[in-house]
Protein chains: 2
Amino acid sequence: MALFSPWTKSKSSGAVLQKATNQGTRLFNQRLVLKVIYDSSPTSRADVARATGLTRTTVSGAVEHLIRSGLTEEVGTGRSTGGKAPILLNVPDEARHLIGVDVGDSRVSGAIVDLRGHVRHESQVPLDGRDGEQALSRIEDLLDRLVAATDKPLLGIGLGTPGFIDTATGTVRWAVNLDWHDLALGERLQKRYRLPVYVANDSQAAALAEYAFGHHGSSNLLVVKVGEGIGAGLVLDGRLFQGTRSGAGEIGHTAVADNRRICRCGRVGCLETVATMHAVLERARELAPDAPDSVLHGTTDPEDITFARLVSAFEAHDRLAREVVLDSAHHLGRTIGALIGSLDPSHVILVGAMTVFGDPWLAAIRREAQRSALTLLVDATRVEIGKLTPNIVVLGSAALLMTRELGLSPAA
Amino acid sequence: MALFSPWTKSKSSGAVLQKATNQGTRLFNQRLVLKVIYDSSPTSRADVARATGLTRTTVSGAVEHLIRSGLTEEVGTGRSTGGKAPILLNVPDEARHLIGVDVGDSRVSGAIVDLRGHVRHESQVPLDGRDGEQALSRIEDLLDRLVAATDKPLLGIGLGTPGFIDTATGTVRWAVNLDWHDLALGERLQKRYRLPVYVANDSQAAALAEYAFGHHGSSNLLVVKVGEGIGAGLVLDGRLFQGTRSGAGEIGHTAVADNRRICRCGRVGCLETVATMHAVLERARELAPDAPDSVLHGTTDPEDITFARLVSAFEAHDRLAREVVLDSAHHLGRTIGALIGSLDPSHVILVGAMTVFGDPWLAAIRREAQRSALTLLVDATRVEIGKLTPNIVVLGSAALLMTRELGLSPAA
DNA sequence: CCCCTTTGTCAAGGCTATGGACTAAGTCCA
DNA sequence: TGGACTTAGTCCATAGCCTTGACAAAGGGG
């Protein structure tokens with residue numbers, strides 16, 4: 001009894017191109033009315049009519065349908081401005097439940113989320129290094145639990161996973177860590193749960209989360225996820241951009257450094273060889289023996305220098321830790337500067353584990369970005385650390401689902 | 001008697017959001033039918049119905065309207081496949097005339113173009129270093145001549161000009177060379193000629209030209225214009241992307257080099273300091289005195305080394321010329337690699353004066369791009385020199401007009 | 001020559017938005 | 001307190017668009 005159709009239905013029509021119909025008009029206006037109510041609730045039918053240009057009659061019809069489907073409710077009356085007091089309308093937070101899933105490196109996190117991005121229920125399952133069919137099976141276990149834990153109408157499922165993902169077809173083209181190739185993940189889960197399913201790259205999901213729930217008021221933003229790897233999600237003109245082969249935002253392997261480090265992609269000089277958690281840790285381990293003034297100095301086994309220790313040292317203003325981390329930020333800043341010059345976004349949001357290095361790290365990124373692109377553009381672009389952690393991918397997957405299924409993009 | 005509305009009309013409605021109406025449905029389907037006929041002409045009403053999913057009845061209605069407006073004509077009958085022979089339909093090349101204008105550094109070029117991108121009439125006017133109101137006046141002179149030279153229904157005017165251009169409002173935000181700031185160029189010309197007017201950045205116009213007339217069969221392509229300056233135009237998912245402040249594609253000022261050259265933007269190390277015509281020429285002049293084996297050696301006045309001489313030397317395999325040009329290509333290749341990694345386009349098309357250096361230059365760009373981003377992506381991306389020169393900006397401006405006004409994007 | 005297929009048109013019907021009239025329910029002012 | 005006025009929401013007739021099914025036109029094939 002979904003209000004709007006998932007991507008599979010579009011295949012049923014033999015025609016390649018999309019035509020317009022009267023029903024399409026109705027659907028469009030219904031989504032429009034829902035969006036206006038959602039964005040400016042509480043509001044009245046008359047206000048919605050003014051905002052959309054539709055007649056009060058048409059709005060009333062759409063609202064009637066929305067109320068029947070539970071997506072809208074009447075919540076008392078508002079103040080009169082000289083005439084009959086308006087009946088206020090609202091989209092109940094829990095009119096639908098959304099399931100969002102974050103397929104991470106070591107575990108799968110999932111949550112039940114409401115239409116405003118509030119997490120209602122959380123659950124996780126470790127991956128224990130499993131991949132292929134076994135990893136998929138664990139994801140299904142998690143989904144089973146989440147579906148069972150829902151007590152509201154379920155809108156569908158959204159997943160964020162590393163790799164090259166074709167969101168239009170729900171296909172995982174290539175996910176190294178999970179050993180998935182051309183896996184029709186969306187179709188498979190849709191058949192199992194009989195719900196709309198959307199799949200996106202994890203960085204892209206993060207971008208959608210910031211777009212939907214970050215309250216940036218922008219329709220052009222880049223989210224750069226820096227942790228074990230580096231990837232970006234691009235929301236351009238209010239739409240997720242994935243590129244021709246789902247590879248948009250794969251900035252981790254941009255050549256930036258003149259070092260000779262071999263990247264997991266097989267080439268040298270990649271951004272990932274200098275700016276990931278692993279990279280800074282390696283660098284610290286390399287330099288520690290020659291840095292007697294550092295708290296990281298004097299360990300016999302390099303493995304003793306953990307990421308947590310590096311963070312502590314950094315926060316204690318340890319010279320070596322600062323140097324290593326800020327040098328990585330330098331390279332990241334140059335790449336981000338190039339991105340700003342190419343795409344002129346209004347926001348660049350940094351997320352991922354490396355954001356623990358906080359303001360000094362951010363400042364170094366900003367400084368170098370400033371040196372790397374037109375001042376006019378860089379100065380006008382807000383480079384910030386995201387505030388949605390650690391659920392950002394879960395929220396983004398849910399946002400993808402909500403946007404595609406209901407046409408809602410909360411903070412656009 | 002335009003079939004579809006230009007951007008100004010959208011202001012007349014008080015509502016902010018766009019509603020759907022029955023008339024909107026009709027308009028949409030009419031554009032759809034026109035597009036199908038345009039793309040696969042000659043074709044029949046029945047074929048259009050099959051391609052769109054509309055009924056034959058609806059298609060007939062739309063075609064009737066299109067024939068009345070001259071945008072479609074019946075051109076005989078096709079072969080029967082066992083029943084009545086279909087009446088073939090076509091969009092006449094000259095159903096409308098388009099005016100495209102390229103506001104260059106030293107002159108303004110304009111042309112009358114038909115719906116297939118054939119240039120029917122050309123005209124130019126020198127700028128003689130004029131800017132501001134005087135430059136605008138020259139453009140109007142050119143337009144007056146072009147409008148007078150048209151003998152077919154005129155669809156409108158498209159302009160490509162350097163600078164930051166907001167195409168949505170037809171405003172020139174900032175054009176250094178012409179000394180234009182926040183100039184409502186579109187509005188002004190629209191009032192003067194009472195025709196739809198669209199304005200875009202020149203690199204963006206070039207991108208639209210390649211998209212529309214380049215027959216690449218792609219909806220994600222980047223056009224990089226390398227001449228006096230360096231700029232890119234981005235067509236992403238079939239739409240021109242301009243960024244938040246119309247600054248998307250301003251890659252000329254990406255930091256790439258460790259040199260100390262001061263760029264016109266005030267910073268150092270910009271791509272434009274190493275890869276433009278001016279930059280390679282300067283570099284050749286610098287190195288010539290120390291290169292006795294070069295044909296460029298031994299000139300007393302550096303000014304004697306012209307761009308034309310550099311090109312000759314390059315083509316004659318002069319070592320110095322090769323080194324200078326291919327070194328510039330190296331930096332360009334790295335930037336293009338980064339773009340490919342960020343945006344995963346299917347094509348990167350190089351245009352502008354620097355393309356005279358041809359295949360060796362292109363090969364150097366490709367080689368470095370390959371080293372600068374994921375092999376998977378770079379190998380799948382076609383990096384080529386455009387074939388639409390020298391009219392590419394004129395054609396792109398016309399393509400912008402045609403796309404926005406008729407919904408046609410010829411080679412999508 | 002007859003049957004079948006395909007094309008294009010026609011008329012009836014269904015769906016959606018619109019516009020004016022109408023009711024309900026407030027404010028404002030005398 | 002009451003009447004004029006304003007605003008919200010609904011009702012109903014109408015217009016516009018697409019669809020459905022029927023039908024004529026026109027061609028192929030045995």
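Letters A, B, ... mirror the listed sequences (proteins, then strands); counts begin at 1. Because only heavy atoms are used, hydrogens play no part in the values below, and waters and symmetry mates are left out as well, while side chains stay in.
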Exercise for the section: Starting from C1' on C:dC15, measure out to NE2 on A:His65 and report it in whole angstrom. Expected result: 14 Å

Practice task
Could you please spell out the steps behind the salt bridge (Lys or Arg N to Asp or Glu O under 4.0 Å) verdict for B:Arg45 and B:Glu64?
Solution key: CA-CA 10 Å; B:Arg45 291 170 175 81; B:Glu64 190 191 335; over 6 Å; no

Fill in the blank from the handout: Whole-Å distance, B:Asn29 CG to D:dC17 P, equals 11 Å

Practice task
Ignoring backbone atoms, test whether A:Ser60 places a side-chain nitrogen or oxygen under 4.0 Å from the OP1 or OP2 oxygen of D:dT10.
Solution key: yes

Exercise for the section: Check whether the side chain of A:Thr57 and the base of C:dG19 form a donor-acceptor pair under 3.5 Å. Expected result: yes

Handout entry: B:Arg239: partners by side chain to side chain donor-acceptor pair (under 3.5 Å), with sequence neighbours left out
Key = none

Problem - Side chains of B:Leu71 and B:Leu406 in contact at under 4.5 Å (non-hydrogen atoms) - result: yes

Fill in the blank from the handout: Rounded to whole Å, the CZ-P distance (B:Arg79 to C:dT7) equals 14 Å

Exercise for the section: Could you state the atom-to-atom distance from CG of B:Leu27 to P of C:dT16 in whole Å? Expected result: 20 Å

Exercise for the section: Look at the side-chain N and O atoms of A:Lys19 and state whether any lies under 4.0 Å from the OP1 or OP2 oxygen of D:dC17. Expected result: no

Handout entry: Within 45° cone and under 6.0 Å: A:Arg116 NZ/CZ vs A:Phe213 ring
Key = no

Report, one pair per line, the protein and nucleotides 2-5 of chain C atoms (nitrogen or oxygen only) whose separation is under 3.5 Å.
residue	atom	partner	partner atom	Å
C:dT5	O2	B:Gly82	O	2.9

Problem - Pairwise side-chain contact, A:Leu98 with A:Leu115, heavy-atom cut-off 4.5 Å (strictly under) - result: yes

Exercise for the section: Determine whether A:Thr167 and A:Leu400 make a side-chain contact, defined as any pair of heavy atoms from C-beta on separated by less than 4.5 Å. Expected result: yes

Problem - For atom CZ of A:Arg26 and atom P of C:dT18, their distance in whole Å - result: 14 Å

Problem - Heavy atoms from other residues, nucleotides or ligands near CZ of B:Arg68 exceed 12 (cutoff 6.0 Å) - result: yes

Handout entry: First encountered from the 5' end of DNA chain D, between A:Asp47 and B:Thr55
Key = A:Asp47

Problem - 5′-ward residue of the pair A:Thr58/B:Pro86 relative to DNA chain C - result: B:Pro86

Practice task
Remember a base hit wins even if backbone is also touched, and classify B:Thr77 as base, sugar-phosphate or nothing at under 4.0 Å, heavy atoms.
Solution key: nothing

Exercise for the section: Could you tell me the separation between the CD1 atom of A:Ile87 and the C1' atom of C:dT23, rounded to a whole number of Å? Expected result: 13 Å

Exercise for the section: Send over the distance from A:Arg45 CZ to D:dA8 C1', rounded to a whole Å. Expected result: 9 Å

Practice task
Look at the side-chain N and O atoms of B:Thr21 and state whether any lies under 4.0 Å from the OP1 or OP2 oxygen of C:dT16.
Solution key: no

Problem - d(CG, A:Asn22; C1', C:dA17) in whole Å - result: 9 Å

Exercise for the section: Give B:Arg56 one of three labels, base, sugar-phosphate or nothing, depending on what nucleic acid heavy atoms sit under 4.0 Å from its own. Expected result: base

